[in-house]
Amino acid sequence: MTCPHSHVTTATFQFVIGKSVERRTQGTGEKSPRSRKPAHTRSTRGWEGTLEHRWSNLQPGSFSDRYAFCCGETVGMTPVVVVFVLALSVGTLALDNGLMRTPPMGWLAWERFRCDIDCDHDPKNCISENLFMDMADRLAEDGWRELGYVYVNIDDCWSSMQRDANGRLQPDPKRFPGGIPRLARYMHDRGLKLGIYGDLGTHTCGGYPGTTLDKIKTDAQTFADWGIDMLKLDGCYSNATDQEQGYPLMSKALNATGRPIAYSCSWPAYQGGLPPKVNYTLLGEICNLWRNYGDIQDSWSSVLNIYDWFFNNQDIVQPAAGPGRWNDPDMLIIGDYGLSVAQSQAQMALWAIMAAPLFMSNDLRSIDSRSRTVLQNKGVIAINQDPLGIQGRRLIKEKSGIEVFWRPLSDDASTLVFFSRREDMPYRYQTSLKKLNYTAGVYQIYDVYQEKPLPSLKDSTDFVVSVNPSGVVMWYVYPAKQMRRDAKLYGPAHHHRGNNFAPPTHL
Ligand code: GLA
């Protein structure tokens with residue numbers, strides 16, 4: 001993909017907050033869609049208030065010095081190899097539209113609201129412009145936007161069953177009476193972005209009109225004309241040959257519109273997610289993110305199923321990720337019905353380790369405060385959004401059911417996650433930083449969910465972490481000798497930027 005939009009990398013945009021809210025009309029229902037076949041983005045953070053500023057003293061070459069990996073029961077590639085390979089790949093191969101240099105964050109309708117089109121009987125929850133405006137209001141007014149959650153993404157079942165007289169897609173007129181351009185303006189006026197859904201096939205998974213190869217240019221232009229910021233292109237009702245042609249063609253077509261539109265490809269999910277059918281190098285060149293695997297459902301078992309796939313295949317998927325090109329393990333279901341608080345913390349931590357897009361699919365109008373606290377945790381967001389964009393890995397899978405994850409971060413920092421797959425009681429896991437391949441002497445530790453510093457820790461000292469069943473302990477780790485620099489980096493000058501995740505400077 002060529003690069004007409006690279007200027008956006010450094011662009012800033014401003015919120016226009018407090019504009020009058022446009023009038024909303026209530027849509028009505030319509031016929032159910034045809035039964036479907038089972039199916040097995042943010043531009044650069046444009047405003048002051050991002051964590052990127054905090055993590056700006058990047059010295060990529062220093063990782064292998066810092067972590068002279070020597071030992072530990074590692075799974076798959078040894079960390080030293082990982083770091084070396086990743087150091088070579090950082091900054092190469094990304095879709096060069098300047099978008100999503102850190103994983104996109106926002107809200108996506110599908111998991112929570114599905115294809116509910118019955119606005120007569122379920123006006124609050126049906127797929128209509130009202131739902132997206134409601135979510136936009138919450139993102140803008142409840143502190144989400146400032147944390148980075150800026151995409152509001154429409155999924156399936158938004159369109160009319162017919163294209164218009166010019167062959168263009170059109171929204172359902174009863175449920176989206178204001179049309180998509182007005183909805184896009186609504187988002188943009190609030191410093192948010194609008195995503196939309198299409199499908200490279202005869203029909204969407206929900207049975208709505210698809211984007212066959214001959215319609216790719218038309219649909220890309222329509223989305224650009226409407227002011228769309230992101231496209232998720234699904235793959236129902238298409239075959240492997242169409243996908244091989246269609247996904248790259250849509251990438252080109254979006255680029256040719258001249259509008260920066262982030263591009264989410266479901267292609268690998270339809271090809272089993274693994275080589276040789278899936279070419280991750282190519283995906284990184286044409287898509288900003290991609291769904292590798294099946295759909296998330298509202299349950300812990302679904303989270304575990306996805307988690308297993310991604311970490312069992314980490315040697316393949318982990319190197320594919322980087323700034324502008326992300327693996328997408330699917331939405332966050334935190335705030336819905338399926339997860340306990342411990343499991344919510346675990347999903348968030350594991351998604352941060354994976355440098356995954358953070359698209360919540362929940363009801364922000366009624367979300368409980370504990371889920372909100374997890375989703376708004378500044379430390380875990382900062383880790384997810386680390387500008388190095390190196391996806392983390394599972395280091396250890398203990399027989400006890402404890403699994404340990406590591407992700408290298410900017411400023412010689414890293415994160416460690418201790419995850420328990422046990423179902424009995426909190427487990428006291430004993431280890432040392434040395435056993436986890438840290439060898440720089442003394443480290444400072446910040447406990448991300450307790451939101452407090454722990455006493456500094458020598459790499460050779462054994463410690464015990466108590467990990468709750470289906471829960472995590474998440475640490476931000478950095479070498480003690482960096483204290484002075486941290487004091488500068490995390491000092492009060494940065495506080496006005498709206499994120500107070502500040503590892504302690506007084507230790
Ligand atoms: C597929 C996708 C989901 C969702 C539905 C919509 O199953 O994987 O994320 O978009 O289609 O029908």
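Numbers here are sequence positions counted from 1. As the structure lists them, so they are numbered: ligands from 1, and atoms in each ligand from 1.
- When each of Asn305, Leu274, Val317 is checked for a side-chain contact (heavy atoms from CB on, under 4.5 Å) with Tyr293, only Asn305 meets the rule.
- The closest non-hydrogen atom to atom 6 (C) of ligand 1, taken over Asp295, Thr204, Asp156, comes from Asp156.
- A heavy-atom distance below 4.5 Å is found between the side chains of Tyr280 and Ile316.
- When Asn153, Asp328, Asp199, Asp155 are each tested for a side-chain hydrogen bond (donor to acceptor under 3.5 Å, both in side chains) with Lys232, only one passes: Asp155.
- Using a 4.0 Å heavy-atom cutoff, Glu111 is absent from the residues neighbouring ligand 1.
- Here Asp142 pairs with Arg138 under the salt bridge (Lys or Arg N to Asp or Glu O under 4.0 Å) rule; sequence neighbours left out.
- A heavy-atom separation below 4.0 Å is found between Lys232 and ligand 1.
- Near Gly206, meaning under 4.0 Å from one of its heavy atoms, ligand 1 places the atoms 12 (O).
- Residues that satisfy the side chain to side chain contact (heavy atoms under 4.5 Å, CB included) test with Ser301, not counting sequence neighbours, are Ser299.
- At a 3.5 angstrom cut-off on N or O pairs, Tyr270 does not count as close to ligand 1.
- Taking distance alone, with nitrogen or oxygen atoms compared against 3.5 Å, Asp330 stays at or beyond that limit from ligand 1.
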